[in-house]
Amino acid sequence: MSKSSSMLLILLAAIFWGTTGTSQAFAPEDAHPIAIGAVRLAVGGLFLLCLVLFKGTLTLRDWPVRTILLAAVSMAAYQPLFFSAVLMTGVAVGTVVAIGSAPIFSGCIEWLFLKKRPALLWWASTGLSITGCLLLLNNQGTVAIDPIGIVLALGAGLSFAGYTFVSRNLVKTHAPLSVVAVIFTTSALLLSPLLFLFDLSWLFTSRGAGISLHLGVVATGIAYWLFAKGLSNVPSSTAVTLSLGEPLTAALLGVFVLGEELSGTAWFGISLLLLGIALLIGSSRLATRQTVLTEERQTRTGG
């Protein structure tokens with residue numbers, strides 16, 4: 001699979017993630033955000049585990065337990081941190097801070113552990129995308145900034161960046177589907193105590209069950225499987241930047257599904273987001289084309 005194709009898979013995963021907010025808008029009123037996060041992970045983990053068992057591709061040999069636990073803890077931490085941040089400081093602020101800070105954390109992690117300084121193009125595309133997110137945030141008439149909520153959102157961004165960095169090593173040696181099945185099943189077990197702290201009666205309504213299945217199967221199981229497949233050929237910092245397609249999708253769904261209105265500034269933010277993402281994908285295709293031309297030239301000259 002080419003690098004540009006891998007980037008498109010990651011972008012598709014981000015689009016699926018972007019449906020989360022709209023889905024929650026249709027969830028029963030008594031569904032607590034943290035409970036929704038725990039249920040989402042439980043359904044997603046169970047779906048992935050059943051899928052990999054059905055295909056018969058899961059083996060229990062040669063799995064780095066320490067790496068699996070680190071990835072599972074990162075994903076398990078992301079859910080309550082993100083949904084708590086959203087609860088305390090609002091959907092717009094919580095989402096933008098969490099998702100917007102993740103690329104910066106990811107670049108710092110790669111720099112710290114791999115001694116790999118992010119390229120100038122990455123900084124440019126990430127800067128454009130984050131600026132676009134901030135302009136989208138500016139669309140909110142009144143924004144309540146809760147310091148604790150901001151800290152929790154930053155913790156969610158760090159958790160997502162950590163998950164991406166660790167899981168990228170796993171998809172190099174194991175099938176992406178097996179990787180996400182093992183990680184999310186473990187994460188679901190870690191978060192299972194939360195299921196006993198909240199009222200889950202909403203799960204047994206038709207609307208609650210439908211929302212849970214969508215969040216677990218589409219926005220978690222399928223989305224993270226696509227994300228893992230894409231990670232095999234894409235640096236974690238680039239992958240996390242592409243995940244900024246999530247707030248972009250959420251904003252567009254808010255307009256066309258929930259009937260929300262966006263200001264001119266917000267639409268300009270969407271344009272910057274699209275430009276930043278297109279810059280990453282376009283540069284990847286150009287680099288791939290240049291590599292092919294170089295190989296063809298070397299073949300013709302016998303080099």
Side-chain angles (χ1 to χ4, degrees), residues 3-4 6-18 67-68 70-79 81-82 85 94-134 150-172 176 179-180 183-184 187 220 223-249 272-273 275-281 283-284 287:
K3 185 176 180 180
S4 57
S6 297
M7 295 173 79
L8 289 175
L9 287 180
I10 292 172
L11 186 57
L12 181 58
I15 291 173
F16 286 159
W17 292 332
T67 305
I68 288 292
L70 186 57
V73 168
S74 297
M75 182 48 58
Y78 174 81
Q79 302 298 325
L81 285 172
F82 176 76
T95 300
V96 168
V97 172
I99 305 301
S101 65
I104 299 174
F105 283 127
S106 184
C108 292
I109 289 173
E110 282 193 352
W111 198 347
L112 180 63
F113 290 98
L114 300 181
K115 309 302 180 184
K116 179 181 177 182
R117 186 173 183 176
L120 181 61
L121 183 62
W122 177 86
W123 285 109
S125 60
T126 300
L128 283 171
S129 300
I130 293 177
T131 301
C133 285
L134 293 175
I150 296 298
V151 171
L152 293 176
L154 290 173
L158 178 59
S159 297
F160 181 70
Y163 162 80
T164 303
F165 179 77
V166 174
S167 60
R168 186 172 188 271
N169 294 326
L170 292 172
V171 297
K172 291 180 179 179
V179 169
V180 290
I183 290 176
F184 277 83
S187 297
T220 302
Y224 276 98
W225 174 45
L226 293 173
F227 187 72
K229 284 178 68 68
L231 270 179
S232 58
N233 293 316
V234 175
S236 58
S237 56
T238 299
V240 175
T241 297
L242 288 170
S243 70
L244 292 175
E246 177 180 351
L248 170 63
T249 302
L272 292 182
L273 256 171
L275 180 60
I277 292 171
L279 186 61
L280 273 182
I281 297 176
S283 65
S284 172

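One-based numbering along the sequence shown.
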Open item on the list: Less than 4.5 Å apart, side chain to side chain, heavy atoms only: is that true for V166 and I183?
Closed with: no
- [ ] With the side chain counted from C-beta on, respond yes when V179 and L231 share a heavy-atom pair under 4.5 Å apart, and no when they do not.
- [x] no
Looking only at the aromatic ring of each residue, does the gap between the centers of Y78 and Y163 stay below 6.0 angstrom? no
Between F227 and V180, is a side chain to side chain contact (heavy atoms under 4.5 Å, CB included) present by the stated rule, with each step listed? CA-CA 9 Å; F227 187 72; V180 290; over 6 Å; no
Between I10 and the options V240, V234, T238, the side-chain contact (heavy atoms from CB on, under 4.5 Å) test singles out V234
Closest non-hydrogen atom pair between [X] and [Y], with its separation:
X    : Y    : result
A153 : V97  : CB-CG1, 3.6 Å
S101 : G157 : OG-CA, 3.7 Å
S6   : K229 : OG-O, 4.5 Å
S159 : S74  : CB-O, 3.4 Å
L272 : G132 : CB-CA, 4.0 Å
P176 : V171 : CA-CG1, 4.3 Å

Self-check item: Verdict with reasoning, S243 to F160, per side chain to side chain contact (heavy atoms under 4.5 Å, CB included)
Solution: CA-CA 10 Å; S243 70; F160 181 70; 3.7 Å; yes
What is the distance from atom [atom1] of [X] to atom [atom2] of [Y], rounded to the nearest 0.5 Å?
X    : Y    : atom1 : atom2 : answer
S106 : L158 : OG    : CG    : 10.0 Å
T164 : I109 : OG1   : CD1   : 8.5 Å
L280 : K3   : CG    : NZ    : 8.5 Å
L9   : S232 : CG    : OG    : 8.5 Å
S167 : Y224 : OG    : OH    : 9.5 Å
L11  : F16  : CG    : CZ    : 11.0 Å

Could you walk me through whether C133 and L273 satisfy the side chain to side chain contact (heavy atoms under 4.5 Å, CB included) test, starting with their C-alpha distance in whole Å, then the side-chain angles of each, then the deciding distance to 0.1 Å, before giving a yes or no? CA-CA 7 Å; C133 285; L273 256 171; 4.1 Å; yes
